[in-house]
Each structure stands twice: as C-alpha cells, then as structure tokens.
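The sequence lines fix the lettering, A, B, ..., with proteins before strands; numbering per chain opens at 1.
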2 protein chains.
Amino acid sequence: MKETKLCPRLSKAMELLGKRWTTLILYQLLEGPHRFNEIESALPVSGRILSERLKELEREGIVERKVYSEVPVRVEYSLTEKGVALEGAIREIEQWSQAWLK
Amino acid sequence: MKETKLCPRLSKAMELLGKRWTTLILYQLLEGPHRFNEIESALPVSGRILSERLKELEREGIVERKVYSEVPVRVEYSLTEKGVALEGAIREIEQWSQAWLK
DNA sequence: TAAGAAAAGTTACTTTTTGTAACTTGCTGA
DNA sequence: TCAGCAAGTTACAAAAAGTAACTTTTCTTA
C-alpha cells in the first residue's frame with residue numbers, strides 16, 4: 001500500500017479511531033469504567049471484535065484493563081490519561097452530529 | 001444486528017466518519033477543493049474506495065461534486081457547509097495525535 | 001451429586017469490505 | 001492512427017467483521 005502525503009500522526013490516529021466501533025467504545029468509557037459485557041450489550045458489536053478492539057486500545061495505552069479476582073471474575077476497562085485526552089475530539093463529533101444529522 | 005443504546009446520532013456520525021479513509025479525505029478537503037486524482041495520490045486509498053466514499057459523502061450533503069467540461073474533464077470535490085462544520089472535530093483529532101502519538 | 005449460571009473470552013465458519021490491477025469513455029495532439 | 005489524460009468502473013483476491021456455539025473457573029441450587 002502507498003504512503004500517505006498527509007500528516008503521518010493523523011494517519012496513525014485514524015488507523016485507530018477509524019476502525020469500526022473504536023470511537024463508540026471510547027465514548028462509552030468516557031462515562032467511567034465498564035465491564036466487558038456492559039460494553040458488549042451497550043453497542044451492536046460482537047464479542048469477537050470488542051475483544052480485538054480492547055486489546056488494540058490497551059496496546060496503544062489508551063485503555064487500561066483491570067482484573068478483579070471475584071467470583072465470577074470481574075474485568076473492568078477504563079481510559080488512561082491518553083484516552084481521556086480524546087474527550088475533546090469525541091465531544092466535537094457528538095456536537096456535530098447533534099447539529100447536522102437527521 | 002442489535003441496536004445501540006448510545007446516542008443514535010453519534011452512532012450515525014461514526015458510521016460515516018468511522019469508515020476507512022473518510023476522515024482523511026475530509027481532512028484533505030479542508031484545504032480546499034480537490035480533484036479525484038489529487039485525493040487518490042495524496043492518500044493510500046484505492047480509486048474504487050475513493051469513488052465509493054465520495055459518493056457517500058455527497059449523498060450525505062457533506063461534500064459537493066462539480067464537473068467542469070474541459071478537456072479532459074475536470075471534477076472537483078469540496079466541502080459543503082455541513083462538511084466545513086466538521087473542521088473542529090478533525091482539528092481536535094489532529095491535536096491529540098500531535099500530543100500523544102509516537 | 002450433578003446440573004446450572006455467570007463472566008470474559010475464544011473458535012470455526014460465513015458474509016462484507018477493501019485492495020489490486022486492468023479496462024472504459026471521450027476527446028486531443030503528434 | 002496511436003498514445004495520453006481524467007475520472008471512474010469491473011472482476012477477482014485478500015482482509016476484516018458478523019454469528020453462534022463453545023471454553024474455563026467457581027459458586028449455587030435442585
């Protein structure tokens with residue numbers, strides 16, 4: 001695949017945020033930590049893809065995964081500082097959608 | 001596919017902006033009108049998908065397509081008012097990427 | 001003493017999206 | 001008459017996403 005002539009960091013950002021469900025997952029996490037099943041039932045995303053996305057976001061340091069050894073086990077996902085820093089962008093998209101869609 | 005419990009307008013927005021290449025195409029158009037081939041060579045996007053994305057964006061009233069009957073024909077794509085309204089969101093993503101990536 | 005149940009995934013398989021590269025159409029200039 | 005350009009489109013291959021059933025561990029209930 002060719003290289004972009006555009007800003008490589010924006011490209012990288014869009015490689016993450018532009019993947020299906022990623023931004024909606026982050027939007028959900030803006031409200032606080034959530035468990036795997038909570039996110040899965042709040043969004044029309046399959047467990048397979050949710051698992052994949054959360055791993056990517058964790059790998060990028062945007063999301064943090066915490067395991068609580070209860071029974072049954074509880075796993076919570078939350079935003080790191082880097083993740084919280086995306087709030088401005090997500091809110092802008094939200095506002096645009098309110099102003100311009102439907 | 002299930003319904004989202006999240007804001008349906010944000011979901012709709014992400015259905016558009018979350019498609020591969022869409023935001024980078026819009027970013028390019030923030031700099032002014034561009035021809036099909038200009039966008040195609042600025043981004044690592046295939047003509048097939050570029051064509052598809054531009055049609056979606058046109059259908060949504062975000063991008064405008066103008067044909068100039070020159071020889072060979074010239075076609076220019078530019079942002080509508082609705083498209084320009086996305087600038088804030090795109091700039092926020094750009095800033096985040098500058099601040100937090102690599 | 002099984003037989004669920006619940007949470008967080010994973011697996012195997014199907015359907016959709018993307019990517020690639022070649023082709024089309026209309027006109028021009030050599 | 002042939003080559004070339006712009007803006008796509010087509011046919012086919014590869015990658016990503018959707019679906020549903022299954023796994024694992026530890027209680028709870030019948």
- Task: Please give the angle, rounded to 10 degrees, between the axes at the start and the end of the helix from C/dT1-D/dA30 to C/dA30-D/dT1, where five pairs define each axis.
- Result: 30°
- Query: Between D/dA17 atom P and A/Glu56 atom CD, what is the distance in whole Å?
  - Reply: 8 Å
- Query: Separation of B/Ile49 atom CD1 from C/dA21 atom P, in whole Å?
  - Reply: 15 Å
- Item | Strand contacts (DNA chain D) in residues 6-16 of chain B, 4.0 angstrom heavy-atom criterion | none
- Query: What string of B, S and - do you get for nucleotides 6-15 of chain C, 5' to 3', when a contact is any protein heavy atom under 4.0 Å?
  - Reply: BSSSBBB---
- Task: Without swapping roles, check the side chain of A/Arg74 against the backbone of A/Tyr68 for a donor-acceptor pair under 3.5 Å.
- Result: no
- Note on the structure: Taken to the nearest whole Å, CZ/A/Arg20 to C1'/C/dT18 is 12 Å
What pairs of nitrogen or oxygen atoms, one from the protein and one from nucleotides 2-4 of chain D, lie under 3.5 Å apart?
none

- Item | Nearest-angstrom distance from the residue atom CG of B/Leu50 to C1' of C/dG19 | 13 Å
- Item | salt bridge (Lys or Arg N to Asp or Glu O under 4.0 Å) involving A/Glu94 - partner list, sequence neighbours excluded | A/Arg91
Quiz: residues 79-86 of chain A side-chain donor-acceptor pairs under 3.5 angstrom, not counting sequence neighbours:
unit_1	atom_1	unit_2	atom_2	d
A/Thr80	OG1	A/Gly61	O	2.6
A/Thr80	OG1	A/Ile62	O	3.2
A/Thr80	OG1	A/Lys82	N	3.3
A/Thr80	OG1	A/Gly83	N	3.2
A/Lys82	NZ	A/Glu60	O	2.8

- Message: Consider side-chain contact (heavy atoms from CB on, under 4.5 Å). Of B/Val63, B/Ile49, B/Leu43, which one does B/Ile25 pass it with?
- Response: B/Leu43
- Once you round it to whole Å, what is the distance between P of D/dA7 and NE2 of B/His34? 12 Å
